[in-house]
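Here's the structure, in structure tokens; my notes come after.
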Amino acid sequence: AIDLAIPTMSSSPEHKKMKTDAALEKLCVDTVRVFSADMVQAANSGHPGAPMGCAPLAHLLFSNAMTYDPSSPDWANRDRFVLSNGHACALQYSMLHLTGYDLSVEDCKKFRQLGSLTPGHPENFLTPGVEVSTGPLGQGLTNAVGMAIAESHLAAVFNKPGFPIVDHSTYVICGDGCLQEGVTSEASSLAGHLGLGKLIVLYDDNNITIDGSTDLSFTEDVGKRYESYGWQVLTVTDLDSLEPLRSAISEAKANKDQPTLIKVKTIIGLGSKKQGTAGVHGAPLGAEDLGNVKKHYGFDPEKSFDIPAPVSAFYKLCADSGKGAKAEWDALLAKYATSHPDLHSEFVRRSAGDLPKGLFDLLPVFKAGDKDMASRKLSQACIGAIAEAMPELMGGSADLTPSNLTALSCSSDYQKATPAGRYIRFGVREHAMSAICNGMFAHGGVRPYCATFLNFAGYALGAIRVSALSRFGVIYVMTHDSIGLGEDGPTHQPVEMIESLRSMPNCNVLRPCDQNETNAAYRIALGESTTPSIICLSRQTLPNLPGSDVAKALKGGYVISASTLSGPVKVTLVASGSETGLCVNAANLLQAEGVKVNVVSMPCMDTFDKQSDDYKSSVLGSAPVLAVEAAAAGSWPKYSHVQHCMKTFGASGKGGDLFKHFGFTDEKVAAKAKKVAEFYEGKSVPDLFNRPSFDDEVTGH
């Protein structure tokens with residue numbers, strides 16, 4: 001029987017330094033190892049090796065380094081923890097359960113089962129205490145950079161003498177795979193440049209990947225690489241005692257000028273007969289090996305999910321410590337409200353994610369006589385109109401500010417010396433930029449946006465997908481949205497990118513045709529906080545169209561030009577962005593010939609999808625529909641009978657010449673529309689909405 005003294009609280013005002021002994025800490029670590037392995041075994045699926053090897057890291061973070069309150073997992077000033085190697089999530093679930101988050105032992109027994117709170121990789125919207133959805137390697141560490149950026153910015157904005165309202169750190173556990181992914185190189189380089197001293201990364205240096213030893217493919221000196229980025233690099237080679245790692249974490253916390261990478265030499269699957277090999281990475285130990293592991297660590301091999309009483313008591317004290325810290329912070333915040341009432345109100349609003357009142361009223365609306373502009377310039381006007389009234393709007397561009405037009409005239413740059421600045425110079429790092437914005441959104445208190453050319457969304461696609469899955473309302477400003485960008489040629493012309501993004505669940509793709517629709521695009525993007533939005537914008541000048549309407553555009557699609565001719569509509573043209581004005585011109589040519597044509601603008605197909613069939617039918621009508629877009633046809637067949645879209649990559653040349661070459665002219669579109677009308681003359685036009693509906697469709701995330 002295990003008979004260890006229960007630790008007592010120290011007198012530390014930080015409420016987190018425990019007086020305990022090595023034997024109890026070893027029991028805690030071993031419990032985490034065995035409990036994690038039990039989870040994987042129960043599911044007959046998962047990754048036991050990393051949790052067993054990283055148990056000392058997680059134990060020290062949750063018992064000694066971090067401040068958190070399991071009863072208030074969204075507390076604004078909690079330390080953030082990110083498990084970047086998300087496949088090791090049994091480790092995170094073990095710690096969340098042990099420290100008292102709303103995650104029961106029964107939840108842990110349902111590891112990787114449908115509908116459980118313990119999915120195969122961490123999901124922020126599902127499990128209390130999980131900050132970000134990790135699994136695609138490298139995303140988590142990069143998210144953590146965004147969290148650290150948000151913390152330092154908010155601290156610079158809100159903290160006043162005697163009132164450290166925002167004062168916490170971001171901790172990461174990552175593995176070899178995370179550090180091989182290019183996204184972490186991008187993010188770590190930027191983190192070093194920015195001097196993010198409250199970012200502490202514990203590197204699980206176990207020399208094993210799925211294929212085998214890292215000698216097969218990963219022999220660089222990681223420490224020297226991170227030193228070159230400007231990080232402090234510490235090394236822990238011995239985990240027989242926790243003191244070297246405890247000291248390294250303390251040293252990391254003391255360095256406020258550099259992020260810290262702690263290289264911790266671990267053994268994957270420690271205690272298993274397969275320890276130190278790829279064989280323990282991604283498969284259950286098996287009953288025999290698991291039983292021997294339990295014997296090795298002093299546990300009853302016949303028992304599963306067993307937590308010794310001293311371990312439960314110890315981690316309860318850790319949770320109680322966090323509750324005490326939260327109570328102290330609440331009292332400080334109450335005093336802050338008295339001393340700095342305006343800042344307090346703003347902090348509370350921003351922490352809740354509420355938009356400033358009247359924000360949308362500031363967005364510009366088209367007036368007769370307004371100058372025609374490229375939609376990227378219209379976007380610039382929208383950002384400029386709301387930026388001062390929305391101080392949480394924070395972001396930047398991947399080294400394309402003069403082209404994306406995303407600078408904030410009301411704010412300085414966010415840099416190491418000026419953390420109160422709101423404009424981030426991400427550098428040529430599209431993937432990291434997007435994943436960093438995910439971390440900023442996850443942190444709270446800021447509303448991130450970022451920008452590049454639409455074609456280079458391909459570099460960022462992995463992180464954009466995580467935005468959508470995680471329900472993060474990141475705003476992506478993507479300019480140069482078609483062959484209309486011109487001379488840069490097909491390497492830069494995003495023929496297929498719009499459709500790639502439209503196919504992604506929970507992702508708004510907005511392509512406005514003029515000022516009013518750009519206004520609507522920003523309303524949709526800002527208003528939908530659980531859905532990322534991709535605003536696709538032109539390089540070339542677009543006309544302000546008389547029929548454009550902000551309120552109607554908010555439905556995703558509407559009739560922007562209705563024919564005044566008598567009789568039935570012969571053909572309807574539907575388009576987005578730069579092709580909408582083209583369709584209006586083509587309709588005018590046809591109507592001069594007596595052909596009745598309506599034009600529908602569809603700036604956001606995702607929003608239009610959500611409207612009723614009655615509304616959609618009233619917009620598209622009963623005439624044959626021709627869709628026109630200078631991009632791949634992709635989704636258009638569901639709202640049109642014929643498509644006039646790109647079928648190849650673009651070419652290098654002037655934008656106007658390319659539109660002529662590929663058939664996107666008033667005359668070519670009018671001619672094709674006329675042929676469509678003639679083809680269906682006297683025939684039954686298929687009803688786009690006459691299809692069966694099903695009540696038993698199952699939705700996922």
Side-chain angles (χ1 to χ4, degrees), residues 366 372-378 454 479-486 493-495 498 510-518 521 536-549 553 557-563 569-593 595-605 619-620 623-634 636 639-647 650-651 653-677:
F366 165 66
D372 293 343
M373 288 189 283
S375 57
R376 61 175 175 153
K377 292 185 178 180
L378 302 175
L454 178 58
T479 68
H480 297 59
D481 70 343
S482 77
I483 58 172
L485 67 87
Q493 293 161 2
V495 168
I498 291 173
L510 303 123
R511 192 166 181 251
C513 73
D514 69 357
Q515 182 67 77
N516 287 338
E517 289 195 1
T518 307
C536 307
L537 303 159
S538 72
R539 181 194 182 209
Q540 72 273 26
T541 298
L542 304 181
N544 276 310
L545 300 175
S548 71
D549 184 280
Y558 64 103
V559 177
I560 193 170
S561 176
S563 174
V569 174
K570 296 297 183 180
V571 64
T572 295
L573 302 177
V574 59
S576 75
S578 52
E579 289 73 71
T580 305
L582 185 159
C583 284
V584 170
N585 293 339
N588 290 337
L589 292 177
L590 287 171
Q591 291 183 153
E593 299 178 20
V595 181
K596 186 170 183 175
V597 182
N598 280 353
V599 179
V600 171
S601 178
M602 196 173 291
C604 187
M605 192 178 291
V619 169
L620 293 171
V625 179
L626 172 64
V628 181
E629 190 170 63
W636 283 111
Y639 292 132
S640 62
H641 301 91
V642 183
Q643 298 79 42
H644 182 59
C645 297
M646 292 291 294
K647 295 181 176 64
K654 295 183 184 302
D657 291 343
L658 293 174
F659 271 89
K660 291 178 183 177
H661 176 73
F662 288 104
F664 292 93
T665 65
D666 303 348
E667 295 78 13
K668 285 287 183 69
V669 170
K672 181 166 280 190
K674 191 173 183 179
K675 286 184 177 180
V676 171

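Not measured: the values here are computed from a predicted model.
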side-chain contact (heavy atoms from CB on, under 4.5 Å) filter on V559, not counting sequence neighbours, yields A562, V600, V619
Item to check | E517 (side chain) donor-acceptor with A553 (main chain) under 3.5 angstrom | outcome: no
Residues at least two apart in sequence or cross-chain that pass side-chain contact (heavy atoms from CB on, under 4.5 Å) with A670, listed by chain then number, are A586, L589, L590
State, with a plain yes or no, whether a side-chain heavy atom of I560 is found less than 4.5 Å away from one of T580.
yes
Residues at least two apart in sequence or cross-chain that pass salt bridge (Lys or Arg N to Asp or Glu O under 4.0 Å) with K654, listed by chain then number, are E487
The residue among S375, S548, S601 that forms side-chain hydrogen bond (donor to acceptor under 3.5 Å, both in side chains) with D514 is S548
Note to self: Whether the side chain of N598 engages the backbone of S563 through a donor-acceptor N/O pair (distance < 3.5 Å, no angle test) should be reported.
What the structure shows: yes
Note: H480 and L485 closest approach over all heavy atoms is O-CD2, 3.6 Å
What one should report as the nearest heavy-atom pair of G547 and Y558 is O-CE1, 3.6 Å
### Message
I want to check something: taking the side chain as every heavy atom from C-beta on, are F664 and L658 in contact at a cut-off of under 4.5 Å?
### Response
no
Original post:
Does a side-chain heavy-atom distance below 4.5 Å link Y639 with V574?
Top reply: no
Looking at K596, I'd like to know if its NZ atom is crowded, meaning that more than 12 non-hydrogen atoms belonging to other residues, nucleotides or ligands lie closer than 6.0 Å.
yes
Go through it in stages, so that I can follow the logic: the residues are M605 and M602, the test is side-chain contact (heavy atoms from CB on, under 4.5 Å), and I'd like the CA-CA distance, side-chain angles, deciding distance and then a yes or no. CA-CA 6 Å; M605 192 178 291; M602 196 173 291; 4.1 Å; yes
So the salt bridge (Lys or Arg N to Asp or Glu O under 4.0 Å) pairs with at least one residue in residues 572-590 (sequence neighbours excluded) are R511-E579
Tightest non-hydrogen contact, residues K660 and T665, listed as CA-CG2, 3.6 Å
Value for SG (C583) from CG (N588), rounded to nearest 0.5 Å, stands at 11.0 Å
Closest heavy-atom pair, A627 versus S640, reported as atoms and distance to 0.1 Å, is CB-OG, 3.5 Å
Quick one: are V676 and H641 in side-chain contact, heavy atoms under 4.5 Å?
no
Q. Any side-chain heavy atom of L626 sitting closer than 4.5 Å to one from Q643?
A. no
Is D481 close to T479 at the side-chain level, that is, under 4.5 Å between some pair of heavy atoms? no
One should read off an interatomic distance between L537 CG and L542 CG, to the nearest 0.5 angstrom, of 9.5 Å
Residues passing the salt bridge (Lys or Arg N to Asp or Glu O under 4.0 Å) test with K668, sequence neighbours excluded, are none
Considering only heavy atoms from C-beta outward, does the side chain of S482 approach that of Q540 to under 4.5 Å?
yes
Taken to the nearest 0.5 Å, the spacing of S578 OG from R539 CZ works out to 13.5 Å
message: Closer than 3.5 angstrom, by distance alone: can the side chain of H644 be matched with the main-chain N or O of G663 as a donor-acceptor pair?
response: yes
Does D549 reach the side chain of N516, with side-chain heavy atoms less than 4.5 Å apart?
no
So CD1 of I498 and OG of S576: to nearest 0.5 Å the spacing works out to 6.0 Å
Sorted by chain and number, sequence neighbours left out, side-chain contact (heavy atoms from CB on, under 4.5 Å) with P546 holds for none
query: Going by atom types alone, do Q515 and T518 pair a side-chain donor with an acceptor below 3.5 Å?
result: no
Correct closest heavy-atom pair for G650 and I483 would be CA-CG2, 4.1 Å
- Query: Are L545 and C513 close enough, and set up right, to give a side-chain contact (heavy atoms from CB on, under 4.5 Å), and what steps lead you there?
  - Reply: CA-CA 8 Å; L545 300 175; C513 73; 3.8 Å; yes
Correct closest heavy-atom pair for G484 and F659 would be CA-CE1, 3.3 Å
